[in-house]
Amino acid sequence: MQRYDFFLYFCNLKKQTNMSLVIGFEAKRAFKNNTGLGNYSRMLICGLADAHQDVRCFLYSPDMNGEYRSFFSGYANISTRMPTGFDKNMPNLWRSCGVSMHLKGDKVDIFHGLSHELPHGIPGSIKKVVTMHDLIVWRYPQYYSLFDRVAHRVKQRHSCKNADLVVAISEQTKRDLVDMMHIPEEKIRVIYQSCDPMFWRPIDTASIQRARKDYHLPEKYVVCVGTIEERKNQANVVRAMAEVPEDVHLVIVGRPHGRYINEVNAAIRKNKLQDRVRIVSNAEFEDFPALYAGALTSVYVSQFEGFGIPILESMCCDTPVVTSNVSSMPEAGGDAALYVDPNNVSEIAKQITSVVTNPDLRSKLVEKGRAQREKFTQEKIIGDFYALYRSLVPEESDE
């Protein structure tokens with residue numbers, strides 16, 4: 001190699017080294033959760049690693065489910081860390097404190113807690129980011145046991161106090177952070193969520209028909225996706241179906257959480273809707289796009305959400321949305337959704353009926369949804385996060 005060529009090679013190598021950015025992620029839910037927090041974690045980690053080869057990601061988790069581990073195995077710039085030796089006997093302690101002992105050895109520049117938490121003892125030289133999805137434990141403490149209520153609040157206070165930047169997934173969450181936890185506004189950045197890339201892909205008729213057959217679905221149905229729990233408000237959707245045309249059915253897709261399923265079943269029996277309401281608690285995640293796409297409309301009338309990911313999933317599947325007029329739902333839906341008071345059963349029924357009986361309205365909502373969903377593309381979200389990370393650890397000069 002000639003001297004001039006070697007000089008160019010050395011400069012290019014130095015540039016690549018300077019551009020390197022090492023990010024550690026608290027990744028428990030990336031390996032464990034098949035719902036919102038898990039999907040958020042996997043989308044961000046994989047999207048960042050794919051779009052920015054100058055980024056190296058370390059994933060710290062006390063346990064790594066084989067199914068979700070495969071999401072990361074194809075990336076040369078993603079590494080995983082689990083407790084070893086004696087730490088394996090105390091995974092929760094390792095996650096809360098032990099992780100910090102690995103960060104300097106891995107030369108981490110930024111540590112990002114993806115779901116409300118940062119471990120204790122992170123070295124001061126490492127920048128700290130935490131994502132806050134919602135403050136539901138503060139707004140609705142009745143949904144939590146006393147232990148969970150105290151534990152979540154303590155962890156959230158610690159994380160927000162010690163973070164260099166707090167990411168809120170909506171303006172609603174930002175307002176709650178300022179109003180309820182008194183986090184300085186200048187410390188908060190709003191970066192919305194995206195949804196799993198599979199929702200953005202075209203859905204063919206064969207997939208819709210296969211899902212209809214596999215889950216024994218009727219020809220005309222509305223879909224309600226989400227964990228079956230009090231906050232998600234499925235019982236009021238059931239009650240509303242008594243006022244919706246009888247040839248339209250309701251398909252609830254979600255796993256029961258706690259005793260709320262009893263209230264949902266009671267509402268089904270009381271309104272004599274046993275033949276018109278189907279609960280699908282075992283749906284495969286990869287079938288969700290087809291379940292949305294086969295529906296006349298999606299109904300998501302939660303009492304409160306940090307963002308409301310089923311709204312975006314619906315729009316990505318060209319399915320109109322009826323959702324709540326509270327908290328962050330109008331941020332997600334924009335002018336592409338119909339809004340209701342989640343406690344007004346007749347209002348819910350009226351908006352469902354207006355969509356299922358009016359093809360022109362459905363078409364207009366689908367077109368508006370295609371425009372609205374562009375605010376939440378993975379490319380935009382990943383770009384926003386990369387800019388945030390670079391604001392904390394700027395690129396070094398090539399000179």
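Between D176 and R139 there is a salt bridge, since at least one side-chain N of the basic residue sits less than 4.0 Å from a carboxylate O of the acidic one. Electrostatic pairing of E117 and R95 counts as a salt bridge here, judged by a charged N lying under 4.0 Å from a carboxylate O. A salt bridge between E374 and K380 is absent, with no side-chain N of the basic residue lying under 4.0 Å from a carboxylate O of the acidic one. A salt bridge is absent between D148 and R153; no separation between the charged side-chain nitrogens and carboxylate oxygens falls under 4.0 Å. Residues D318 and R373 are paired through a salt bridge, judged by an N-O separation under 4.0 Å between the basic side chain and the carboxylate. A salt bridge between E367 and R370 is present, with a side-chain N of the basic residue lying under 4.0 Å from a carboxylate O of the acidic one. The residues D63 and K32 are annotated as salt-bridged, a charged nitrogen and a carboxylate oxygen being separated by less than 4.0 angstrom.
Every pair passing salt bridge (Lys or Arg N to Asp or Glu O under 4.0 Å) that includes a residue from residues 182-209 is listed here, sequence neighbours excluded: K174-E185. The side chain to side chain donor-acceptor pair (under 3.5 Å) analysis of residues 252-281, with sequence neighbours excluded, yields the pairs R239-E263. Applying the ring pair (Phe, Tyr, Trp, His ring centres under 6.0 Å) test to residues at least two apart or on different chains, the pairs with a partner in residues 115-139 are Y40-H133, H116-H133, H120-H158.
F25 and F72 have their aromatic ring centers separated by at least 6.0 angstrom.
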*Test D54 against Y386 for side chain to side chain donor-acceptor pair (under 3.5 Å), laying out the working first.*
CA-CA 11 Å; D54 59 312; Y386 185 75; 2.5 Å; yes
*Working for ring-ring contact (aromatic ring centres under 6.0 Å, His included), residues Y140 and Y143*: CA-CA 6 Å; Y140 298 98; Y143 294 153; 5.4 Å; yes
*Are V340 and V322 close enough, and set up right, to give a side chain to side chain contact (heavy atoms under 4.5 Å, CB included), and what steps lead you there?*
CA-CA 7 Å; V340 298; V322 175; 4.0 Å; yes
_If you apply the rule ring-ring contact (aromatic ring centres under 6.0 Å, His included), what do you find for Y221 with Y215, and how did you get there?_
CA-CA 12 Å; Y221 69 92; Y215 296 103; over 10 Å; no
*Hey, mind stepping through W200 and T377 against side chain to side chain contact (heavy atoms under 4.5 Å, CB included) and telling me if it holds?*
CA-CA 9 Å; W200 297 85; T377 64; 3.9 Å; yes
*asked:* Determine whether D134 and Q172 satisfy the following criterion, side chain to side chain donor-acceptor pair (under 3.5 Å), listing intermediate values before the conclusion.
replied: CA-CA 8 Å; D134 56 63; Q172 174 66 58; over 6 Å; no
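The backbone N or O of E171 lies less than 3.5 Å from a partner atom in the side chain of E331, making a donor-acceptor pair. Remark: side-chain polar atoms of N344 are paired, donor with acceptor, to backbone N or O of S346 under 3.5 angstrom. S327 places a side-chain N or O within 3.5 Å of a backbone atom of E305 that can act as its donor or acceptor partner.
One finds the CG atom of N77 at 11.5 Å from the CD1 atom of I45 (value rounded to the nearest 0.5 Å). Interatomic distance, L21 CG to L392 CG, rounded to the nearest 0.5 Å: 9.0 Å. Rounding to the nearest 0.5 angstrom, the gap separating the SG atom in C224 from the CD atom in Q234 is 5.0 Å. In this structure, CZ on R56 lies 3.5 Å from OG on S79, to the nearest 0.5 angstrom. Here the straight-line distance linking atom OG of S115 with atom CD1 of I169 works out to 11.0 Å at 0.5 Å rounding.
Remark: Y389 pairs with H112 by the side-chain hydrogen bond (donor to acceptor under 3.5 Å, both in side chains) rule, at least two apart or across chains. With sequence neighbours left out, the side-chain hydrogen bond (donor to acceptor under 3.5 Å, both in side chains) criterion links H102 to W94.
Minimum interatomic distance between A336 and Q372 (heavy atoms only, all atoms of both residues): CB-CB, 4.0 Å. Nearest heavy-atom pair, K104 versus S125, reported as atom, atom and distance to 0.1 Å: CE-OG, 4.0 Å. Contact between P289 and I203 at its shortest, heavy atoms only, is O-CD1, 3.5 Å. Residues I309 and F307 share a closest heavy-atom pair of N-CD2, 3.8 Å. In terms of heavy atoms, S324 sits closest to S302 at OG-O, 2.7 Å.
The hydrophobic cluster containing L146, built from Ile/Leu/Val/Met/Phe/Trp/Tyr side-chain heavy atoms closer than 4.5 Å, also comprises V150, V154.
The side-chain tip of R81 does not point at the ring of F58 from less than 6.0 angstrom away and within 45° of straight on.
Between P119 and S96, every side-chain heavy-atom pair lies at or beyond the 4.5 Å cut-off.
Checking S170 against S328 by side-chain atom types alone, no donor-acceptor pair falls below 3.5 Å.
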